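Notes follow once the structure below has been shown.
Since we're looking at a predicted model, the values are computed, not measured.
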Amino acid sequence: MTTEDVVQIRVEDQTVGIMGLKQALKDIAAEYAQSTDDEAAAALLSRLSKKNYIPDKVRASYQKAFLREFKKFTGKPYEEKAPSGLDIKVFGPGCVQCDRLEQELMAAVETRHALSLRADRTKVNIEHVRDIKEIGRSGIMGTPALMINGKIKSVGKVPPRSKLIQWLEEADTKKH
């Protein structure tokens, strides 16, 4: 199992890593293309439960997330709930600069939380999009790239931590 075999997806308001999702989607796409959504989702849940721990009380949430990924994969329309808090995406295939941007961003979030006077710290969701097709669908033309709450903030470089903190503050202020 390599890191290429793990794909991050959103389940409810959490980003989780799923092992074997790409292969499961490839295998099930043709067989379940004409099936109902429930059948395709159940097949994915059954297959992916063998490689991934999925607690019983959240199986329905995972099944919905797997169906969304199946629809994305097969080009069918899908609905994606907007996450609560700050939604941050780092785009890049995993090069040194892309990974550095992700690390700097995590450090900026920690610094910002440490400096925050509010007791109700904003939830921050960071996702690293490594799939080239997904990067292209997002309209990103260079990497590393950073998107905060759907707005592209940086392309082709790693901004200084102070700038990252500033962008986080601005995005958080707009949410409240």
Considering all heavy atoms, the nearest Gly142-Ala145 contact:
O-CB, 3.6 Å

If you count heavy atoms of other groups shown closer than 6.0 angstrom to NZ of Lys76, is the number above 12?
yes

If you apply the rule side-chain contact (heavy atoms from CB on, under 4.5 Å), what do you find for Ile165 with Thr111, and how did you get there?
CA-CA 8 Å; Ile165 292 169; Thr111 300; 3.7 Å; yes

Kindly determine whether Leu45 and Arg59 satisfy side-chain contact (heavy atoms from CB on, under 4.5 Å), including the steps that lead there.
CA-CA 8 Å; Leu45 182 65; Arg59 286 178 78 80; 3.9 Å; yes

Neighbour count >12 (heavy atoms, 6.0 Å) for atom NZ, Lys64
no

Note: Asp37 and Lys71 closest approach over all heavy atoms is OD2-NZ, 3.0 Å

Which residues share a side-chain contact (heavy atoms from CB on, under 4.5 Å) with Arg137, sequence neighbours left out:
Asp131, Lys133, Glu134

Are Ile18 and Tyr78 linked, directly or through intermediate hydrophobic residues, by side-chain heavy-atom contacts shorter than 4.5 Å (ILVMFWY only)?
no

I need the minimum non-hydrogen distance between Arg68 and Ile9, along with the two atoms involved.
NH2-CB, 4.3 Å

Of the non-hydrogen atoms in Arg47 and Ala24, which two are nearest, and what is the gap between them?
CD-CB, 3.5 Å

Sorted by chain and residue number, the side-chain contact (heavy atoms from CB on, under 4.5 Å) partners of Gln23 (sequence neighbours excluded) come out as Lys26, Asp27

What's the shortest heavy-atom distance between Gly92 and Thr143, and which atoms?
CA-CG2, 3.7 Å

Here the pair of heavy atoms bringing Ile54 nearest to Ser49 is CD1-OG, 3.7 Å

From Glu104 atom CD to Gln97 atom CD, the distance as rounded to the nearest 0.5 Å:
10.0 Å

Apply side-chain contact (heavy atoms from CB on, under 4.5 Å) to Lys50 and list each qualifying residue two or more places apart in sequence or on a separate chain.
none

Ile135: which other cluster members, linking ILVMFWY side chains closer than 4.5 Å, directly or transitively?
Phe91, Val129, Ile132, Ile140, Met147, Ile152, Val155

Using the test side-chain contact (heavy atoms from CB on, under 4.5 Å), find all partners of Tyr32 that sit at least two apart in sequence or belong to another chain.
Ile28, Ser35, Glu39, Ala40, Ala43, Phe70

Working to the nearest 0.5 angstrom, can you tell me the gap between Tyr62 OH and Tyr53 OH?
9.5 Å

Pair Gln103-Arg100, side-chain donor/acceptor within less than 3.5 Å
no

Evaluate the salt bridge (Lys or Arg N to Asp or Glu O under 4.0 Å) criterion for residues Asp87 and Lys151: first the C-alpha distance (whole Å), next the side-chain angles of each, then the deciding distance (0.1 Å), finally the verdict.
CA-CA 10 Å; Asp87 183 39; Lys151 293 188 173 106; over 6 Å; no

Please report the interatomic distance CG(Leu25) to OG1(Thr74), rounded to the nearest 0.5 Å.
8.5 Å

side-chain hydrogen bond (donor to acceptor under 3.5 Å, both in side chains) partners for Glu102, two or more places apart:
His128

With a 4.5 Å cut-off on side-chain heavy atoms, are Leu48 and Leu21 touching?
yes

